[in-house]
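Down below is the structure, laid out as structure tokens.
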Amino acid sequence: MTKREIADVLNDIATLMELKGENPFKIRAYSNGARKLETLDEDLGALIEEGALGDIPGFGKALVEKIETLYREGRLEFYDKLKESVEPGIVLMLEIPGLGAKKIKALHKALGVTSIEALQQACEDKLVADLKGFGKKSQEKIAEGIKNREAYGKRHLWWRARAVAEPILEGLLALPEVEKASHAGSFRRKREHVGDLDFIVASSTPAPVMDWFVAQEGVKEVTAHGETKASVRFESGLQADLRVVPPKQFSFALHHFTGSKDHNVLMRQRALARGLSLSEWGLKPADAESFEDSLEADSEEAIFALLDLKFVPPELREGLGEIEAAEGAGFPQLLKVGDLRGVFHNHTTASDGRASLEEMTEAAQELGWEYWGVADHSKASFQANGLNETRVLDQLDRIEKLNASKAYTTHIFSGNETDILPDGSLDLEESVLMRLDYVVASVHSSFSQTE
DNA sequence: GCCGTTTTCGGCCCGACTGTTTTCAGTCG
């Protein structure tokens, strides 16, 4: 099996264990292992040969053994047995909003449902509402979730999401109660596809902001409306979340909710290693009672600086090596977005045609770019992924010319199969070119803003 | 399952919100 296939198996194991009620930390160990494997630069076969797999943090005895078995034999008895013990329909139920492993288990135990169809029927027969821990609202929510599963589960093209996001951000900024506002999440990280929209607002009087937000045009459903947090669902299935925080917490909240999750975990670990505790509330001494004593940061730059890091642009915060790259002298010339000469960043694809870091650096140099990030698309891997190399390189050329005297940042290329919509409406090449078009547009806009 | 100048046990990020409860469990991010 390839690295990618093995990573998929580890992720499957984590999901199945969740449904079996395993220790959450054990589950996390498998998920971490899968992610580590996906982002591994070295050749897996070589690592196994050298017996060096266990030297990588996160791979202990048990994981090494399982990975080696999968690599050599292509199957794993432990996995096969685990898979047999869980109905496939049960796994699918995780896609229903509001349902997690525990509730699914409870439903299965009480009603014997093993498929989404059976669960839907149980809701129609009003069997769910009487269960302990469930009620009428839960039943309605599940039924609604099943009905809209397709729309809710799908990710939305960045540019379509932008059409919804921009008016909201403008509207928020125009409210008198709002001191600062920004989008966050995968939209701010400029992923090709975003799962939902996140907005962070700094305000001392949240209530009117919350009320304005849930009353947006096109809102189909208000799924949460608390004092500082609200969620709405639009007709398209796109969900938007708003969080209002006190102005002092704005930078921390913005960083936290921009993510990614993996990036945040690494940042928190980094803070802990310095005797500090980082959260959306602030950065405090680890032993301090509350975030009242938080260090102050009036920008994200300041947060990174407090952790001895150079600023990491949102587009690069994927937990794929950007933090190491931002350490001290890691990339002295790459201080912030505007200082970048060019950045070649890529989400992990771990495809078989993946280029090495060296190859990638070389490819970037050929284009006259600085290279930073975790990337795995070289010319060779374009071909391996069926991309039209000429068209892509034409686009790179356009960017290169635009950037002749100006710094910019980019975040391109996502070659991951998961980036293709279920209906196949976006193929790899289109995904890449769309991203490049976006980059060109943003370079244009940065020119017009600064000159 | 992983990890360790608090190392072989006992942590592992943590808070908002909801719906169900009557003080909390589950989900989510």
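A, B, ... follow the sequence lines: proteins, then strands. Residue 1 opens every chain. Below, each value reflects all heavy atoms present in this structure, side chains not excepted, and no hydrogens, waters or symmetry copies. Every value quoted in this text rests on a predicted model; they were computed, and no experiment measured them.
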Could you tell me how far apart [X] ([atom1]) and [N] ([atom2]) are, to the nearest whole angstrom?
| X | N | atom1 | atom2 | answer |
| --- | --- | --- | --- | --- |
| Lys137(A) | dC17(B) | NZ | C1' | 12 Å |
| Ile104(A) | dA25(B) | CD1 | P | 20 Å |
| Arg243(A) | dA16(B) | CZ | C1' | 8 Å |
| Leu278(A) | dC14(B) | CG | P | 11 Å |
| Lys20(A) | dG1(B) | NZ | C1' | 17 Å |

Item to check | The single option from Phe199(A), Phe250(A), Phe257(A) passing side-chain contact (heavy atoms from CB on, under 4.5 Å) against Ser182(A) | outcome: Phe250(A)
Next on the checklist: Checking base pairs now: Watson-Crick or wobble, both atom distances under 3.5 Å. What partners dT8(B)?
Outcome noted: none
Next on the checklist: Between the base of dG1(B) and the side chain of Asn32(A), is there a donor and acceptor pair under 3.5 angstrom?
Outcome noted: no
Checklist entry - Do Arg28(A) and dC12(B) have a side chain to base donor-acceptor pair shorter than 3.5 Å? => result no
Next on the checklist: Less than 6.0 angstrom from the centroid, inside 45 degrees of the normal: does Lys66(A) satisfy that with respect to the ring of Phe78(A)?
Outcome noted: yes
Checklist entry - Cationic tip of Lys103(A) within the cone over Phe134(A)'s six-membered ring, i.e. under 6.0 Å and within 45° of the normal? => result yes
Closest approach to the side chain of [X], judged atom by atom: which nucleotide of [options] is it?
| X | options | answer |
| --- | --- | --- |
| Pro57(A) | dC13(B), dC3(B), dA16(B) | dC3(B) |
| Ala224(A) | dG29(B), dG1(B), dC17(B) | dC17(B) |
| Ser138(A) | dG1(B), dT20(B), dA16(B) | dT20(B) |
| Phe25(A) | dG26(B), dC13(B), dC17(B) | dC13(B) |
| Ala29(A) | dA16(B), dC13(B), dC2(B) | dC2(B) |
| Leu63(A) | dT27(B), dA16(B), dC2(B) | dC2(B) |

Using the [atom1] atom on both, measure [N] against [M] and round to a whole Å.
| N | M | atom1 | answer |
| --- | --- | --- | --- |
| dT21(B) | dT27(B) | P | 15 Å |
| dT20(B) | dT8(B) | C1' | 41 Å |
| dG15(B) | dT5(B) | C1' | 32 Å |
| dC12(B) | dT7(B) | P | 16 Å |

Checklist entry - To the nearest 0.5 Å, what is the distance between CG (Leu92(A)) and CG (Leu119(A))? => result 11.5 Å
